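The structure under discussion appears below in the form of structure tokens.
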Amino acid sequence: LQWLSENQDIVSTLVDDIQAGRPLRNPGGTCQTLSPFSPLSANAIFSSTPPLSPSKSRSPSTPLSPHRRSLTTSSNLKKPSPISLIPQFYFPARTAAPANPSESEVQRKAEVHLNGRVAFGQRDFVEFLQESYDVPSMVGFTLFRRLAGSDEGSVSSAVLSAFWTSRQLETASPIQRVFECLRNEGNEGDDANAKDDNSEMDAKSSNSNKKDSNSKNSDEFDNKAKDTKLSLLFKRRVTPTIGFDDLCLLMEQVLAQHPGLAFLQETAEFQRKYAETVIYRIFYSLSKSGSSRLTLRDLRKSDFLEALYALDREDDINKVLKYFSYEHFYVIYCKFWELDTDHDFLISRDDLAHYGQCSLSFRIIERIFELQSSRPVANAVAGKMNYEEFIWFILSEEDKATEPALEYWFACIDLDGDGVLRSSELWYFYQEQQQRLETTHHEVVQFGDLVCQLHDMLNPKKEGHYTLADLKRTKRQSGLLFNALFNLPKFVGFENRDPFQVRAEATEFAGLTDWEKFAKIEYFRLASEDDQDDGGGIEAEDSGMWSADTPMADMR
């Protein structure tokens, strides 16, 4: 009682705190009996609320304030599960077919953009797709040509809406939109073959029914025929693809619309070869199966979308190093022209032997021509290398660190085709290389020493057995393996490399691949030679002039 009479101010303060719901309030709602020396009373008397963070102000009613935190802790409320705090990262609704609201949504956007006009012109159409759906302009031009029938036509909002919803593009990813805009209707795997097989199966089924109509086992034959037909239908899975003709339409628009290619309008004979080169480069890099069709999976795993966006950003076509660079086309075409001495647009074994100042061995050249039939090539000629095959060759030869190049050369060295490179196969190719080293008076590297160096660089899972997976794990070092086996100048250059020169080249060509570095050096050389000799006489294949009346797809 004496203490209460002497400390009435403190008592009244404590009562106010309790009435305000501050930490001194117990679960039962009554005041706690405090001693002046207890920790709880000392905290209430000598301390105040903790200072607020400068960046975040907390009100007394928020869960983060001190008194609310104590109430939450003392209560029986459950804390949120850590799983509930993870943001959603999978949206299955994006793959489902859009309902009618999606159709009205794309049509509503189109009508707002048209602002009272009846249909889209070409420029308005491309601008709308860029702003609303992030579609690259060259793909927009291509889709307009497909829907309108010509560059001077028009596309209504209803036509665009029907196309957009039929292919479920309202919530699709950007690369899927590009794929569907480029894909022509009907490019779906082997539908024609499946139809032929189905008709053939129908004929066999009807014949078997006629033969066994009077037999006791006719029902059994009918069931077998039906089961075979169903299994065939399920086995053939329809997969949408992009073909050569689809990319031809894209290249028509690139040549017509990109300012960096305006100079080619005066030399229409080279437009066809430029477009052909770009398409072959796209198939070389994107087609994992080596076929002449591209799936959505191929595009998703590539940098094709970034290259299309780069066409919109860059007015200089040579700054788009992926696929579309005109300098790269110039280098490829001039190298082909130099080797094709009779200018029949076919390269023989003797012609290819002069590549890179006779850098390749005869055994690897023979092996290249032996494997011509392993990959489908349009207009292939036995014993000759056409322009498409040469593009695959030069891209693989000048940049052996890419996966297509590793697959290309691995197939050449793998003589028995078992998927493993052994010492006997390596020696078969290195034997000629060793003889060439002796003939040119270079220091000869013994085969045993070479194998030890390769083993240390590549580190195969099984000693003496090099698989394609081993080479892909060490892409940069794998190129040295192939150079050592059949490319003499590159092998000698690596053995006698100057570390100061290597460092200088790394600085000068920073960020460039081996192919981009090669193309840059060769273009400078070819341009210098062209300045000295204006009558070089490089020509394009005489296959007709480029015009809207003769579409580029006819060049196949």
Side-chain angles (χ1 to χ4, degrees), residues 283-292 347 349 352-353 355-356 359-377 380 382-386 388-437 445-488 490-491 494 514-515:
F283 276 106
Y284 172 83
S285 300
L286 271 62
S287 179
K288 303 304 180 184
S289 61
S291 65
S292 58
I347 293 178
R349 289 173 169 83
L352 190 61
Y355 179 82
S359 60
L360 301 177
S361 64
F362 288 108
R363 290 185 176 180
I364 194 62
I365 292 175
E366 187 67 26
R367 185 64 176 158
I368 290 173
F369 281 88
E370 287 179 1
L371 294 178
Q372 279 185 315
S373 59
S374 62
R375 189 177 61 85
V377 178
K384 299 285 186 177
M385 177 183 287
N386 62 16
E388 177 183 354
E389 294 170 314
F390 178 76
I391 292 176
W392 282 67
F393 162 76
I394 191 173
L395 294 177
S396 300
E397 168 57 23
E398 300 304 334
D399 192 354
K400 297 184 175 72
T402 64
E403 289 195 6
L406 293 176
E407 295 170 359
Y408 184 93
W409 294 120
F410 186 90
C412 292
I413 305 300
D414 187 15
L415 297 175
D416 54 7
D418 63 347
V420 178
L421 303 183
R422 296 180 174 83
S423 297
S424 58
E425 294 167 319
L426 302 182
W427 169 245
Y428 173 79
F429 290 96
Y430 187 73
Q431 186 178 11
E432 182 182 354
Q433 190 84 316
Q434 186 171 334
Q435 295 173 357
R436 298 172 73 193
L437 287 170
V445 179
Q446 298 301 320
F447 181 69
D449 298 335
L450 176 66
V451 172
C452 291
Q453 294 179 21
L454 294 176
H455 182 273
D456 293 339
M457 286 191 304
L458 304 179
N459 191 22
K461 293 184 177 180
K462 184 176 181 181
E463 185 175 357
H465 292 67
Y466 302 93
T467 63
L468 185 58
D470 293 330
L471 301 186
K472 289 183 177 181
R473 274 191 295 103
T474 55
K475 294 180 181 179
R476 180 61 57 183
Q477 292 80 1
S478 299
L480 302 177
L481 164 65
F482 296 123
N483 289 333
L485 295 180
F486 53 76
N487 192 309
L488 183 61
K490 291 185 178 180
F491 177 51
F494 175 77
D514 289 346
W515 161 253

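What you see is a predicted model, and the numbers here were worked out from it, not measured in a lab. Side-chain atoms are counted along with the backbone in the values below, which use heavy atoms only and exclude waters and symmetry mates.
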Please enumerate all residues that pass ring-ring contact (aromatic ring centres under 6.0 Å, His included) together with [X], with sequence neighbours excluded.
{"X": "Y284", "value": "W392"}
{"X": "W515", "value": "H328, F518"}
{"X": "F410", "value": "none"}
{"X": "F486", "value": "W409"}

Any salt bridge (charged side-chain N to carboxylate O under 4.0 Å, His left out) pairs touching residues 405-423, not counting sequence neighbours?
E407-K472, D416-R422, D418-R422
Please report, to 0.1 Å, the donor-acceptor pairs under 3.5 Å made by any side chain of residues 446-467, with sequence neighbours excluded.
residue, atom, partner, partner atom, Å
H465, ND1, E463, O, 3.3
T467, OG1, D470, N, 3.3
T467, OG1, D470, OD2, 3.0

Any side-chain heavy-atom pair from [X] and [Y] closer than 4.5 angstrom?
{"X": "L437", "Y": "F491", "answer": "yes"}
{"X": "L406", "Y": "F482", "answer": "yes"}
{"X": "Y428", "Y": "I413", "answer": "no"}
{"X": "E398", "Y": "D514", "answer": "no"}
{"X": "T402", "Y": "Y408", "answer": "no"}

Any donor-acceptor pair under 3.5 Å from E432 side chain to F429 backbone:
no
Closest non-hydrogen atom pair between [X] and [Y], with its separation:
{"X": "F362", "Y": "A353", "answer": "CE2-CB, 4.2 Å"}
{"X": "L480", "Y": "F494", "answer": "CD1-CZ, 3.5 Å"}
{"X": "P404", "Y": "S285", "answer": "CG-CA, 4.4 Å"}
{"X": "S478", "Y": "L471", "answer": "OG-O, 2.7 Å"}
{"X": "M385", "Y": "I368", "answer": "CE-CG2, 3.8 Å"}
{"X": "L360", "Y": "E397", "answer": "CD2-OE1, 4.0 Å"}

When rounded to the nearest 0.5 angstrom, what is the spacing between [atom1] in [X] and [atom2] in [Y]?
{"X": "Q433", "Y": "Q435", "atom1": "CD", "atom2": "CD", "value": "10.5 Å"}
{"X": "R349", "Y": "K384", "atom1": "CZ", "atom2": "NZ", "value": "9.5 Å"}
{"X": "I364", "Y": "C412", "atom1": "CD1", "atom2": "SG", "value": "4.5 Å"}
{"X": "W427", "Y": "Y430", "atom1": "CH2", "atom2": "OH", "value": "8.0 Å"}

Using a strict 4.0 Å threshold on nitrogen-to-oxygen distance, state whether E366 and R363 make a salt bridge.
no
